[in-house]
Amino acid sequence: MRILQQVLTLLDYLAEILGRLAAVFAPSMLLVTCYVVITRYVFNSGSVAVQDLVTYFNTLLFTLGAGYTLKHNAHVRVDIFYGSASPRKQALVNLIGTLLLLFPVSIFILLSCWTYVMSSWAIHEQSPDTGGLPYVYLLKTLILLMGVVLLTQGTAEALRSLLFLCGYPDVQTTAASTQPQEENLL
């Protein structure tokens, strides 16, 4: 049981680190977008590479932040019955949803995008626009990373729900345990 709780803590900690890293890209994207607008409309100039940078930051924000959002129960959901359900029923819905929806979709993302990403790596794909950023293959790799991040945090969510259903209610709170003790990670 202790090992499962340590695994859960480690997976949550990973989602927290990636989420905080992703958060850096929101203000960065805002600043770069302001720069693009000012240079384009005030100085009548611009840079395709800087415009591409906005796309890169946006992609980093969403792909790295997906697990963090899942961990903090902030994904969009239809909350007709879930909100009024007992914690046990919520844990059951979370477990079934993770096993039947999140895992298959994440695996589908990984399998269906693998060739797409590897083809991009094979040619070291660059921006089709003159002056654009040359690392499109790295950008496309983030699709695979998102699949891995969702599988990883999905594992934590399934484990949390399973432990709760097995009689360990203290593992059900996700947002409260955002910063685990370092000794729990070892």
Side-chain angles (χ1 to χ4, degrees), residues 10-79 82 94 97-98 101-157 174-180 182 185:
L10 180 62
L11 294 176
D12 280 344
Y13 186 68
L14 178 63
E16 196 69 30
I17 294 293
L18 289 176
R20 289 176 187 216
L21 177 63
V24 170
F25 295 105
S28 302
M29 187 172 58
L30 174 69
L31 291 173
V32 173
T33 302
C34 289
Y35 174 80
V36 167
V37 169
I38 290 169
T39 57
R40 179 183 295 162
Y41 295 109
V42 175
F43 299 110
N44 201 24
S45 70
S47 165
V48 175
V50 175
Q51 290 175 359
D52 282 354
L53 197 55
V54 173
T55 302
Y56 281 61
F57 285 166
N58 188 44
T59 305
L60 283 161
L61 175 66
F62 282 96
T63 56
L64 294 178
Y68 178 88
T69 305
L70 180 61
K71 175 184 182 287
H72 289 276
N73 203 20
H75 278 281
V76 176
R77 76 165 76 209
V78 178
D79 194 10
Y82 184 85
N94 289 342
T98 299
L101 297 171
L102 181 64
F103 284 166
V105 167
S106 299
I107 292 167
F108 176 77
I109 289 170
L110 289 171
L111 294 176
S112 65
C113 293
W114 181 261
T115 303
Y116 175 70
V117 173
M118 290 303 111
S119 298
S120 185
W121 270 88
I123 62 171
H124 284 225
E125 185 176 359
Q126 299 183 12
S127 174
D129 300 319
T130 303
L133 292 177
Y135 306 110
V136 172
Y137 59 98
L138 294 176
L139 183 68
K140 289 182 177 182
T141 302
L142 292 173
I143 300 169
L144 295 176
L145 179 62
M146 183 185 69
V148 171
V149 166
L150 286 174
L151 277 174
T152 302
Q153 189 56 35
T155 301
E157 296 306 314
T174 58
S177 61
T178 56
Q179 290 188 353
E182 282 198 32
L185 298 176

Practice task
Rounded to the nearest 0.5 Å, what's the gap from CG on Asn44 to OG1 on Thr39? Could you check?
Solution key: 9.5 Å
Exercise for the section: Decide yes or no for Gln153 and Leu18: does some side-chain heavy atom of the first lie under 4.5 Å from some side-chain heavy atom of the second? Expected result: no
Handout entry: CG on Leu53 to CG on Leu60, rounded to 0.5 Å
Key = 9.5 Å
Practice task
May I ask you to test the Thr115-Ser119 pair for a side-chain heavy-atom distance under 4.5 Å?
Solution key: yes
Completion exercise
For Ala22 and Leu64 the tightest heavy-atom approach is CB-CB, 3.8 Å
Practice task
To the nearest 0.5 angstrom, please state how far the CD1 atom of Ile17 sits from the CG atom of Asp12.
Solution key: 12.0 Å
Handout entry: Flag side-chain contact, heavy atom, 4.5 Å: Leu14 against Leu10
Key = no
Tell me which donor-acceptor pairs under 3.5 Å the side chains of residues 130-152 have, and how far apart each pair is, sequence neighbours excluded?
from   : atom 1 : to     : atom 2 : distance (Å)
Lys140 : NZ     : Tyr116 : OH     : 3.3
Lys140 : NZ     : Glu125 : OE1    : 2.7
Lys140 : NZ     : Glu125 : OE2    : 3.1
Thr141 : OG1    : Trp121 : NE1    : 2.5
Thr141 : OG1    : Tyr137 : O      : 2.7
Thr152 : OG1    : Val148 : O      : 2.8

Problem - Side-chain touch Phe57/Val24, heavy atoms, less than 4.5 angstrom - result: no
Handout entry: Thr59 and Phe25, any side-chain heavy atoms less than 4.5 Å apart
Key = no
Exercise for the section: Can you tell me which residue pairs pass the side-chain hydrogen bond (donor to acceptor under 3.5 Å, both in side chains) test with a partner in residues 103-114, sequence neighbours excluded? Expected result: none
Handout entry: Side chain His72, main chain Glu16, donor-acceptor under 3.5 Å
Key = no
Practice task
Indicate yes or no: at least one non-hydrogen side-chain atom of Leu70 is less than 4.5 angstrom from one of Glu157.
Solution key: yes
